[in-house]
Amino acid sequence: RMWGTRAGTIELRIPKLRKGSYFPVFLEHRRTAEKALIAVIQEAVACRERAGDGPRQARALSELCRYLGCRGLVTEAENAVHEATRLVEGEPPGREVGCVYAARAWLMGGARGHEEIDVCLELADTAIELAERYGDRETALDALVTRGTAELRRDVAVGRATLERAAALGRQQGIREQVARAPNNI
């Protein structure tokens, strides 16, 4: 195709789109590892289902939600958290219920973006309350990081303070994943 300019006519060569997608070979082992990790969590879900342990199946689904959502599989993550929610409906409050609330908060505030901040904050607060009541420090800290991340979208100073508090708590409690996640979200 020719393109006329003040300096003259230039021949434009528009490359043909290739079929498929480009994925660097040096990252293939990570893709394989991620698929294997998701498969392990899915097997844990199936194992809990076979055992008839709905609350623990819900906890495994909540973990699966995170891995799927972080890899851009938001629809699959939503399906996992909806199933987890269904499994804990009617269950007495406990660690697994808190974990499901934390996953729902993360999905509303992290994977879905700005439109669900109020829902995210409410779910995170419920997760924190349940996790603290039932001694699940990791879920409480996870929900606190999610809360701080959502707060950043409204008030940077408030969100930053929450995330810094979460990082300090994580260091104190030795929960490395949340120690890394908190400042990463600032």
Side-chain angles (χ1 to χ4, degrees), residues 27 30 33-34 37-38 41 45 55-186:
L27 292 177
R30 288 191 179 165
E34 286 178 356
L37 180 58
I38 289 171
I41 298 170
V45 170
R56 285 190 157 172
Q57 181 184 355
R59 189 174 187 101
L61 282 163
S62 297
E63 292 297 323
L64 181 61
C65 166
R66 299 295 182 92
Y67 287 103
L68 294 170
C70 283
R71 278 128 192 102
L73 303 169
V74 177
T75 301
E76 292 86 344
E78 287 175 339
N79 292 340
V81 85
H82 288 307
E83 179 64 11
T85 302
R86 187 190 68 73
L87 287 167
V88 297
E89 283 177 351
E91 291 288 327
R95 293 171 66 105
E96 284 76 16
V97 176
C99 186
V100 171
Y101 272 93
R104 289 176 61 200
W106 176 83
L107 190 61
M108 291 292 136
R112 299 221 20 194
H114 300 288
E115 74 272 8
E116 302 289 345
I117 293 174
D118 290 330
V119 175
C120 171
L121 294 173
E122 184 179 320
L123 291 168
D125 288 343
T126 302
I128 293 166
E129 191 270 318
L130 286 170
E132 288 177 346
R133 186 181 336 156
Y134 294 99
D136 188 351
R137 295 181 323 179
E138 191 166 336
T139 297
L141 190 55
D142 173 55
L144 185 61
V145 172
T146 297
R147 184 181 202 350
T149 303
E151 288 173 339
L152 279 174
R153 294 184 177 132
R154 290 238 170 101
D155 185 330
V156 173
V158 171
R160 183 181 192 92
T162 301
L163 290 169
E164 288 172 351
R165 184 172 51 130
L169 279 170
R171 279 189 291 279
Q172 178 186 355
Q173 297 172 2
I175 303 174
R176 295 171 130 180
E177 179 182 346
Q178 301 308 326
V179 172
R181 188 173 155 234
N184 186 53
N185 290 352
I186 293 177

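Since the model is a prediction, treat every value here as computed from it, not as a measurement.
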Gap between atom SG of Cys65 and atom CH2 of Trp106 - 0.5 Å precision: 5.5 Å
query: From Leu141 CG over to Glu138 CD, what is the distance, rounded to the nearest 0.5 angstrom?
result: 8.0 Å
N/O donor-acceptor pairs under 3.5 Å from side chains in residues 120-129, not counting sequence neighbours:
| unit_1 | atom_1 | unit_2 | atom_2 | d |
| --- | --- | --- | --- | --- |
| Asp125 | OD1 | Arg147 | NE | 2.8 |
| Asp125 | OD2 | Arg147 | NH2 | 3.4 |
| Thr126 | OG1 | Glu122 | O | 3.1 |
| Glu129 | OE1 | Arg133 | NH2 | 2.9 |
| Glu129 | OE2 | Arg133 | NE | 2.9 |
| Glu129 | OE2 | Arg133 | NH2 | 2.6 |

Name every donor-acceptor pair, under 3.5 Å, that has one atom in a side chain of residues 66-73 and the other anywhere in the protein, sequence neighbours excluded.
| unit_1 | atom_1 | unit_2 | atom_2 | d |
| --- | --- | --- | --- | --- |
| Arg66 | NH1 | Asp142 | OD1 | 2.9 |
| Arg66 | NH1 | Asp142 | OD2 | 3.3 |
| Arg66 | NH2 | Ala102 | O | 3.4 |
| Arg66 | NH2 | Asp142 | OD1 | 3.4 |
| Arg66 | NH2 | Asp142 | OD2 | 2.4 |
| Arg71 | NH1 | Tyr67 | O | 2.9 |

task: Over all heavy atoms of both residues, which pair between Ala60 and Val45 is shortest? Give the atoms and the distance, please.
output: CB-CG2, 3.6 Å
- prompt: Are His82 and Leu87 close enough that some pair of their side-chain heavy atoms sits under 4.5 Å apart?
  reply: no
task: State, to 0.1 Å, how close Ser62 and Ala103 come at their nearest heavy-atom pair, and which atoms those are.
output: CB-CB, 3.7 Å
task: Report the distance from atom CZ of Arg153 to atom CD of Glu116, rounding to the nearest 0.5 Å.
output: 11.0 Å
message: Could you go through Val88 and Gln57, starting from their C-alpha distance and side-chain angles, then the distance that decides it, and tell me whether this counts as side-chain contact (heavy atoms from CB on, under 4.5 Å)?
response: CA-CA 9 Å; Val88 297; Gln57 181 184 355; over 6 Å; no
task: Considering non-hydrogen atoms only, spot the tightest contact between Thr139 and Asp136 and give its length.
output: OG1-OD2, 2.7 Å
N/O donor to acceptor pairs below 3.5 angstrom from side-chain atoms of residues 156-171, sequence neighbours left out:
| unit_1 | atom_1 | unit_2 | atom_2 | d |
| --- | --- | --- | --- | --- |
| Arg160 | NE | Glu164 | OE2 | 3.1 |
| Thr162 | OG1 | Glu151 | OE1 | 2.5 |
| Thr162 | OG1 | Val158 | O | 3.1 |

- request: Verify side-chain contact (heavy atoms from CB on, under 4.5 Å) between Glu63 and Cys99, making sure each step is shown before the conclusion.
  value: CA-CA 9 Å; Glu63 292 297 323; Cys99 186; 4.3 Å; yes
- line: Value for CG (Leu144) from CD (Glu132), rounded to nearest 0.5 Å, stands at 8.5 Å
field: side-chain hydrogen bond (donor to acceptor under 3.5 Å, both in side chains) contacts in which one or both residues fall within residues 86-96, not counting sequence neighbours
entry: Glu83-Arg86
